[in-house]
Amino acid sequence: MASTDEQSTHGELATIGLTGLAVMGQNLARNIARNGYPIVVHNRTKATTDAFLEGLEGDDPLSSADSLEDLVARLEKPRKIILMVKAGDPVDAVLDDLLPLLDRGDIVIDGGNSFFGHTERRQAKCSEQGINFLGVGISGGEEGALNGPSIMPGGDRDAYAQVEEILTTISAHVDGEPCCRYIGAGGAGHYVKMVHNGIEYADIQLIVESYDLMRHVLGRSASELAEVFSTWNEGDLESFLIEITSIVLAKQDPTTGSALVDVILDQAEQKGTGRWTAQDALELGVPSPSMTSAVYARSLSALKEKRERAAGELSGPDPTAAADESGESDRLVDDIRQALYASKVVAYAEGFDQLATASRTNDWNLDLGGLATIWRGGCIIRARFLNRIRDSYEGDSDGNSVDVDSLLTLPYFRDEIASAQDAWRRAVTAGIQAGVPLPAFSSALAYYDGYRQARGPANLIQGLRDYFGAHTYHRTDREGAFHINWSQGGDEVEPGKKLKEAAGH
Ligand code: 6PG
């Protein structure tokens, strides 16, 4: 049994406190205590705290507090308090209650999925009182929180240094390296966690498109597909999400005896991190079509009633026709595997491009190879693949960092996509022919094809903008902004002039 309140009342102060005992908070507290750090926990509803303590075994140094005042009184100074409450207003509410109780130098650690802009607002508010506020992304779900999550801490570096030992100790470890590293100032930690989730959305969408294609075009059952994903998990696609896809597909529904996925409603919820990633990509001007298409796909999934009505009215091809044309079904399965891999590379390329751009914009100096390193274990997107990204950012043999335009142009990924692209195109074609929607696969392919075009079609966009709005255009052969005085009919009434010269008249 864990030590009880008496221990603290006898004068022993805990190293760290935690408020918010939903499952993530409970498991994080157990992880901290199991690693030998005395922790005092609190929850707004005392019954939850009591039930949590009741269920504990062993003699890990975990005690409870009845109120925030009590929690604060039981901590050594400077106090370190983890908030594990729902992102949004609840974080502000707890902070409002907590701040009057704290002293200068105390550290508040928000371990939820908070929006990074809110984290920066809270940091400013706390700093007025000399309190440090760290925005710490924690990934890995319930199991990760208990046995070792991936941790992305952001905020004041000196404040982080005071909790570094605890956070690195409780994090997952891969090849002896902790999956926790200081990310950067301000909201950098929560930003990186947000993009992690955006990539998670894309990863999941690519998996469900693979599933959709195989079940509709090839008529494979859930249990057959469980086998396919299990096999894929032995190769380059090896990852937590592919592994659990196989487990979920194999699961029988205890009530009906059919495959569980076949009785789960096809409407996916979302809490916001994917949408924020897409919104911020738009703000930064970073193309992020695969990731964003995954957010749209969830929104479309939510339109269940409209989709059901439309299904009876909108025509489409016979989904099995593509199978006949693409020949051997095993070949299509392997094409889909390669399409999944290539699209995944694109989704990560988008995500890392967004991280690099946000890093420059916010002066975060993000270590992108370091992010790949801490995502190798503990988090939802953990994958063998991340070793390759980490290696790609590691630099040359002399330790010089490589100048990375995009993951797509790094030799390893460039060659992988080159060998996968024929299969990728066949898989996307099969989906289009069969009328199976592949928003992430096809967006990723379009991104790839767009990225490798030295001269795309935006010249025509510029021409049109100059016609209807005198927005000017730039030329391939001369510097400067140009404009043509288009007539209504589209005839040029005066030769195109460099705008400055034209304006000078
Ligand atoms: C993690 C997860 C976790 C959560 C997602 C789910 O890294 O542990 O990302 O944070 O499962 O936020 O997000 P949605 O509800 O939006 O799918």
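All values derive from a computational prediction rather than experimental measurement. We count ligands from 1, going down the list as the structure has it; atoms in each ligand are counted the same way.
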Q. Are any of the heavy atoms in Gly274 under 4.0 Å away from ligand 1?
A.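 Per 4.0 Å heavy-atom rule, Gly274 does not contact ligand 1.
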
Q | Proximity flag Cys379 to ligand 1, non-hydrogen atoms under 4.0 Å | A |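 Contact absent.
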
Can you list the atoms of ligand 1 that are under 4.0 Å from a heavy atom of [X]?
| X | result |
| --- | --- |
| Asn197 | 5 (C), 7 (O), 9 (O), 10 (O), 12 (O) |
| Gln270 | 16 (O) |
| His196 | 7 (O) |

For [atom], what is the closest protein heavy atom, and at what distance to 0.1 Å?
| atom | value |
| --- | --- |
| atom 8 (O) of ligand 1 | Gly140 N, 2.9 Å |
| atom 7 (O) of ligand 1 | Ser139 OG, 2.4 Å |
| atom 2 (C) of ligand 1 | Glu200 OE1, 3.4 Å |
| atom 16 (O) of ligand 1 | Tyr201 OH, 2.5 Å |

(Q) Between Asp110 and Ser114, do the side chains contain a donor N or O and an acceptor N or O under 3.5 Å apart? (A)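 Yes, Asp110 and Ser114 have a side-chain donor paired with an acceptor closer than 3.5 Å.
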
Q: Before giving the answer on salt bridge (Lys or Arg N to Asp or Glu O under 4.0 Å), spell out for Asp334 and Arg337 the whole-Å C-alpha distance, their side-chain angles and the decisive distance to 0.1 Å.
A: CA-CA 5 Å; Asp334 198 59; Arg337 176 187 66 78; 2.8 Å; yes

Q. What do you reckon, are the aromatic ring centroids of Trp232 and Tyr341 less than 6.0 Å apart?
A.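 Ring centroids of Trp232 and Tyr341 are no less than 6.0 Å from each other.
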
Q | Between Phe385 and Tyr348, ring centroids under 6.0 Å | A |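 Yes, the ring of Phe385 comes within the 6.0 Å limit of the ring of Tyr348, centre to centre.
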
Q.
Testing the basics here: between Ala430 and Leu213, what is the closest heavy-atom pair and its distance to 0.1 Å?
A.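 Taking Ala430 first and Leu213 second, the nearest heavy atoms are C-CD1, 4.4 Å.
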
Q.
Ring-plane angle category for Trp375 and Phe352, please: parallel below 30°, perpendicular beyond 60°, tilted otherwise.
A.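 Geometry flag for Phe352 against Trp375: perpendicular rings.
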
Can you find an N or O of [X] that's nearer than 3.5 Å to an N or O of ligand 1?
| X | value |
| --- | --- |
| Ile138 | no |
| Ile380 | no |
| Asn113 | yes |

Q: Go through the steps to decide whether Ser139 and His196 satisfy the test side-chain hydrogen bond (donor to acceptor under 3.5 Å, both in side chains), and finish with yes or no.
A: CA-CA 9 Å; Ser139 178; His196 164 284; 3.2 Å; yes

(Q) Can you confirm if the NZ or CZ of Arg298 lies within 45° of the ring axis of Tyr201 and under 6.0 Å from the centre of its six-membered ring? (A)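 Cation-pi check for Arg298 and Tyr201: passes.
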
(Q) Check whether Asn43 reaches the backbone of Leu21 with its side chain - one donor and one acceptor, N or O, closer than 3.5 Å. (A)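 Side chain of Asn43 to backbone of Leu21, a donor-acceptor pair under 3.5 Å: yes, one is there.
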
(Q) Residue-level breakdown please: for Arg298 versus ligand 1, do any non-hydrogen atoms fall below 4.0 Å on the side chain, on the backbone, on both, or on neither? (A)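 Looking at Arg298 and ligand 1, just side chain atoms fall under 4.0 Å.
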
